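To start, the structure itself, in structure tokens.
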Amino acid sequence: MTSWRRYLGVDLGSTTAKAVVVAEDGAIVSSSAIAMGAVSRAGMQKAVDAALAGAEIAAADLSGTVSTGYGRRLVPGAQRTFTEITCHARGTSAMVPGCRLVIDIGGQDSKAITVDEAGFVQEFAMNDRCASGTGRFYEVLATSVEVPIEELGALALRGSNDLEISTMCATFAETEIVSLLAQDAPVADIASSVHRAIAARTLALVAQVGRHEPVVLTGGVAQNPAAVEFLARALGTEVLVPEHPQITGAYGAALLARDADRRGRPVADDVAGADGLFPRPSEPHACGSCDGTIGAPAGHPVDLGLPLRLGG
Amino acid sequence: MTVTMPTTTTTPDRSRRLAVTREGGRMIAEYWDELFTARERGKQIVWYNGGALNPIFQAAGLAWCHGEAFAARLAAQQLEGPAQLAGAEYGYNAELCSYSRTHLGCAVLTLQGDEGGSTGVVGMHDQAELASRLPRPDFFVNNYAGCSTGQQWDEISYRVFDKEVPIFNISHPFLWGNKPDAGYLAGEEWESASRYVRDQLVDLIAWLEERSGNRFDWDLLRESMTYIKRAAELRREGLELCKAKPAPATFWDWISCVAPINFLPGDQRLVDYFQAVKDEIQDRIDRGISGVENERYRMYFDGIMNWNKLGFLSRKFAEHGVAVLAGRYIQNAFWQEPQLIDTDDPLLGMAQHYLLCPTNHGTKTLDYLTLRDCAEYDVDGIVFHSTRTCRAFTGPQRLLARSAQNNLGIPSIFFEGDVADASFYKEEILESRLTAMLEAIDVKRAQAS
């Protein structure tokens with residue numbers, strides 16, 4: 001008989017709100033990702049509502065809720081908050097068992113996290129100052145070259161010349177891009193050069209924690225195939241991307257809520273997943289759409305197979 | 001699930017600061033008030049930076065102003081703005097050491113006050129008052145070791161005063177520590193550098209006698225250094241007591257004690273103060289009072305103090321149950337090796353302490369000192385304050401973090417701030433990184449249990 005205990009993880013990020021409902025076996029029952037501005041309470045409401053609806057449950061049916069992200073302290077009903085570092089490590093390790101380096105690039109920040117064989121955080125580093133090397137940088141590029149963000153990756157992959165984007169500040173980068181446009185540089189070359197520069201920036205972040213393999217890229221930027229490709233080139237290794245990389249933090253949060261409940265301890269008092277044997281989902285990762293669409297019916301997780309493999 | 005607005009609450013202060021540091025604060029306030037009126041009392045005034053030359057100035061019959069200390073004082077009182085604005089107007093940009101540009105701004109205000117000029121700092125008259133109160137100097141002395149800005153700082157101050165104030169510069173060899181016989185307080189490099197600096201101190205004393213017309217009082221130097229040595233011993237003893245678990249006092253208490261040991265006159269009052277500090281710490285141990293309510297983690301804090309944020313950081317770390325116990329800026333500075341001082345002939349020991357500035361060691365020595373203190377205080381993690389405008393201090397931080405991880409399994413985080421400029425501090429960055437590190441420590445503890 002399938003357990004009906006359900007757990008919610010909420011990742012209220014700088015630009016997107018994500019929510020995931022998992023079953024007791026760790027399978028994703030439903031998920032959602034809503035882009036509605038910085039630390040948006042309305043976005044959070046929509047994301048949570050969508051995930052609950054997808055799981056066909058009400059908030060009162062939840063056995064535990066954990067929140068993460070910049071807005072983690074704003075999530076009503078969360079018994080515990082964990083940082084993105086802990087949640088991304090937990091979620092990505094569950095999605096891609098055996099990974100050792102998680103690179104998460106979100107809307108406003110980027111992180112490099114090494115995990116041990118059990119999936120626990122070993123070391124981490126984050127972008128130091130501004131939004132350099134983050135999703136914001138890509139948004140600036142897309143706006144400047146007047147290409148939809150969804151098409152930016154394909155454009156960059158068609159570029160060939162390295163035009164040397166030297167600045168790492170998203171604001172100043174815009175100036176450089178405009179200057180290149182004024183010189184009639186090919187748009188594809190501009191796009192590829194920016195991707196190459198961001199990959200180099202990310203490589204510097206990895207250097208702080210040390211290179212480890214396998215490498216997994218998560219966050220919204222991981223949906224950009226060029227970002228994955230250029231990072232793989234910079235690292236000189238394959239970069240794995242889970243099926244829906246935006247939700248790894250929320251997924252990790254939900255698993256942490258599940259882990260605590262399993263041990264019979266209040267979520268607020270539990271140590272993150274440390275029970276000697278790191279719990280693994282008994283079924284492969286499965287989830288619905290990450291654009292606000294409702295996921296699979298409750299109790300029937302969808303098996304979407306192994307992570308995508310790109311680059312290298 | 002309905003979203004409701006969170007209720008604003010005030011986090012209770014879980015830090016338990018030493019009560020005796022209020023007396024230290026009073027001593028410091030009295031010192032500066034006396035300095036502001038020194039000229040009216042017939043004193044000649046020396047502005048200096050870097051190592052604690054005050055015992056020499058005391059014996060030379062001078063009033064002394066440590067520029068770095070005054071900049072820190074302004075920042076600690078959130079009064080650094082007018083000086084920094086005046087400095088900015090003069091051309092000192094935000095990337096310059098914020099100690100130096102604050103103090104240079106004070107120099108500008110002092111000079112303009114003398115000349116009846118206007119700083120252009122509109123609408124900040126009340127705040128400008130403290131920054132503009134330093135009396136015009138009669139001498140400059142620079143005693144910085146391992147700092148690329150320090151010597152230029154006094155050189156620029158000299159220029160601000162139209163090159164009319166004489167300047168004496170003490171040169172400090174960098175202690176690379178890479179010769180075969182080199183070690184902490186050991187080796188030919190250490191011995192020769194010590195003699196070299198000592199000889200310059202002799203020259204400084206002769207220079208001061210000539211320039212000031214005052215006869216140097218060697219007996220007073222020996223007397224003041226006797227007091228300073230004793231105060232430093234008491235300070236070391238108090239620090240040792242903080243290795244207890246839970247710690248009876250924390251890094252923030254010792255930060256509050258920096259000014260007294262750094263530049264107050266060497267006298268009985270200084271000794272009495274540090275005796276009282278030690279006594280309060282011992283009393284806390286005896287009565288089971290901890291420096292942080294419910295201490296859960298012990299941290300090493302590397303970086304020059306973020307003076308604008310002293311109280312804030314004290315409360316923040318305590319909020320997480322973190323007792324910050326050690327750091328280069330405390331354990332490895334401020335007459336930290338009193339056994340080196342021969343009170344009958346103190347110049348060599350003084351010279352050695354000036355060389356032992358945390359910014360004057362090669363990586364090998366810094367590594368030794370950092371790992372030693374992490375082990376002795378049984379530290380769980382390191383918080384690196386990436387002091388934005390002090391490259392001398394931040395330069396080796398990544399190497400130290402790597403070494404602590406590899407040799408002791410101690411994790412680290414970095415956050416950005418500055419010594420006297422709050423604008424570089426980012427709250428969420430420190431909060432999220434600190435929390436992430438504590439979560440990782442919790443996991444490892446659970447694994448080990």
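Residue numbers start from 1 in every chain, and the chains themselves are labelled A, B, ... in the order their sequence lines are given, proteins ahead of strands. What's counted below: heavy atoms across the whole structure, side chains too, no hydrogens, waters or symmetry copies. Because the structure is predicted, anything quoted here is derived from the model rather than measured.
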Could you tell me whether B/K316 atom NZ has more than 12 heavy atoms of other residues or ligands within 6.0 Å of it?
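Check passes, neighbour count above 12.
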
If you count the non-hydrogen atoms of other residues, nucleotides and ligands that lie under 6.0 Å from CD in B/E293, is the total more than 12?
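Yes, enclosed.
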
What pair of heavy atoms forms the shortest contact from B/Q405 to A/Q122, and how long is it?
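That closest heavy-atom pairing would be OE1-O, 4.4 Å.
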
Please state whether the side chain, the backbone, both or neither of B/R445 comes within less than 4.5 Å of a heavy atom of chain A.
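Looking at B/R445, nothing touches chain A.
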
Interface moiety of B/L438 toward chain A, non-hydrogen atoms closer than 4.5 Å
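For B/L438, there is no contact with chain A at all, as no heavy atom is under 4.5 Å.
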
Ignoring hydrogens and angles, tell me if any N or O in the side chain of B/R433 forms a donor-acceptor pair with the backbone of A/A125 under 3.5 Å.
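No; judged by distance alone, with no hydrogens or angles, the pair does not exist.
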
Would you say B/M437 and A/F124 make side-chain contact, with heavy atoms under 4.5 Å?
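Sidechains of A/F124 and B/M437: in contact.
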
pair B/E439-A/T83: side-chain heavy atoms closer than 4.5 Å
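Counting from C-beta outward, B/E439 and A/T83 do come under 4.5 Å.
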
How long is the gap from CG on A/D109 to CD on B/E428, to the nearest 0.5 Å?
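Rounded to the nearest 0.5 Å, the CG-CD separation comes to 9.0 Å.
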
Taking B/S386, B/A440, B/S432 one by one, which has the highest count of heavy-atom pairs under 4.5 Å against chain A?
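Most heavy-atom pairs under 4.5 Å with chain A: B/S432.
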
B/K444 and A/E123: CA distance, side-chain angles, deciding distance, salt bridge (Lys or Arg N to Asp or Glu O under 4.0 Å) verdict:
CA-CA 12 Å; B/K444 290 184 178 179; A/E123 293 184 72; over 6 Å; no

